[in-house]
Colleague: 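Quick one: this structure, given as structure tokens, is what I'll be asking you about.
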Amino acid sequence: MKGYEPRSSSSCAACKFLKRRCIPNCIFAPYFRSDECKKFAKVHKVFGASNVSKILVEVPEDQREDTVNSLAYEAEARLRDPVYGCIGAIALLQRKMLELQHDLAIAKDRLARYSAVAATATADATSLITSSSSSSDNIFHFNHSQVSLPPFPEFPSSSDFNDTAAFCHASSSSSQSFPTTVVDDFIQIPYIF
């Protein structure tokens, strides 16, 4: 048995808590040592000593320590949350896991988009360099006629801010030339504790 301590003259935690004499073949002694009174008190409060002893008798001896640890965990969770017990803790962890999987999927999607943009930019830069080096003997010569930049949007000048119609017209014309797509991947579900 794991964690078995040789019996001394002191009683086990269960017998101390129940204020009875600890017999040599006490079912609780190997699992509730004399210094674990709080552990047994929690288990006794939730399950009762007679129910715990019945459970330990029915369980094979090699699984009793795991059974006692499980009962202690369930009792502590039930005392913290009397309604849901350990099911509440499990549901909370599952909810956190789903939120983290969602965040991971968003991060993977962003990484794929950024790597695709970087690959496109690298391919464009490589094609510009190879086309300019093939047309000229000097590899550092850059042909400015091959560079195409998007048109610069028209912004209102500082004098246009006083004229509301001019400002609205300028902003509407700029929005017509550049369609904006809104990517709403920052939706966060708040953590509930």
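Atoms considered below: every heavy atom in the structure, side chains included; atoms not considered: hydrogens, waters and symmetry mates.
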Colleague: Would you say the side-chain atoms of Glu36 pair up with the backbone N or O of Arg33, donor to acceptor, closer than 3.5 Å?
Modeller: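 Here the side-chain-to-backbone pair exists.
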
Colleague: Who are the ring pair (Phe, Tyr, Trp, His ring centres under 6.0 Å) partners of Phe17, not counting sequence neighbours?
Modeller: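 With sequence neighbours excluded, Phe17 shows a ring pair (Phe, Tyr, Trp, His ring centres under 6.0 Å) to Phe40, His44, given in chain and number order.
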
Colleague: Treating Ile, Leu, Val, Met, Phe, Trp and Tyr as nodes and any side-chain heavy-atom pair under 4.5 angstrom as an edge, say whether Phe47 and Val59 lie in one connected cluster.
Modeller: yes

Colleague: Give a yes or no answer on whether the side chain of Ser115 reaches the backbone of Leu111 with a donor-acceptor pair at less than 3.5 Å.
Modeller: yes

Colleague: Locate the shortest heavy-atom distance separating Ser34 from Lys16; write the atom from each residue and the value.
Modeller: O-NZ, 3.5 Å

Colleague: Please tell me whether Leu79 and Val68 are part of a single hydrophobic cluster in this structure, the criterion being side-chain heavy atoms less than 4.5 Å apart.
Modeller: yes

Colleague: Nearest 0.5 Å please: distance from the CG atom of Asn51 over to the CG atom of Leu56.
Modeller: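 Reported to 0.5 Å precision, the distance equals 11.0 Å.
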
Colleague: In Å and rounded to the nearest 0.5 Å, what is the CD1 to CD distance from Ile87 to Gln94?
Modeller: 9.0 Å

Colleague: When clusters are formed by joining ILVMFWY residues with side-chain heavy atoms under 4.5 Å apart, either directly or through shared neighbours, do Leu18 and Val57 land in the same one?
Modeller: yes

Colleague: Distance from Asp35 atom CG to Cys12 atom SG, nearest 0.5 Å?
Modeller: 11.5 Å

Colleague: Taking all non-hydrogen atoms of both residues, which atom of Gly85 and which atom of Arg78 are closest, and how far apart?
Modeller: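 Closest pair (atom of Gly85, atom of Arg78, distance): N-NH1, 3.8 Å.
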
Colleague: Can you find a heavy atom in the side chain of Leu104 that is under 4.5 Å from one in the side chain of Lys108?
Modeller: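 Answer yes - side chains close enough.
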
Colleague: Kindly give the heavy-atom pair with the smallest separation between Ile27 and Ser53, and that separation in Å.
Modeller: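 Between these two residues, the closest heavy atoms are CG2-CB, 4.1 Å.
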
Colleague: Side-chain heavy atoms under 4.5 angstrom apart, residues restricted to Ile, Leu, Val, Met, Phe, Trp, Tyr: same cluster for Tyr84 and Tyr73?
Modeller: no

Colleague: Evaluate the criterion side chain to side chain contact (heavy atoms under 4.5 Å, CB included) for residue pair Tyr31 and Thr67; output intermediate values, then yes/no.
Modeller: CA-CA 10 Å; Tyr31 313 108; Thr67 304; over 6 Å; no

Colleague: Does the side chain of Asn69 come within less than 4.5 Å of Lys39's, by heavy atoms?
Modeller: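 They are in contact (side-chain heavy atoms under 4.5 Å apart), so the answer is yes.
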
Colleague: Taking all non-hydrogen atoms of both residues, which atom of Cys22 and which atom of Cys26 are closest, and how far apart?
Modeller: SG-CB, 3.8 Å

Colleague: Which distance, rounded to the nearest 0.5 Å, do you find between the CZ of Phe32 and the NZ of Lys38?
Modeller: 15.5 Å

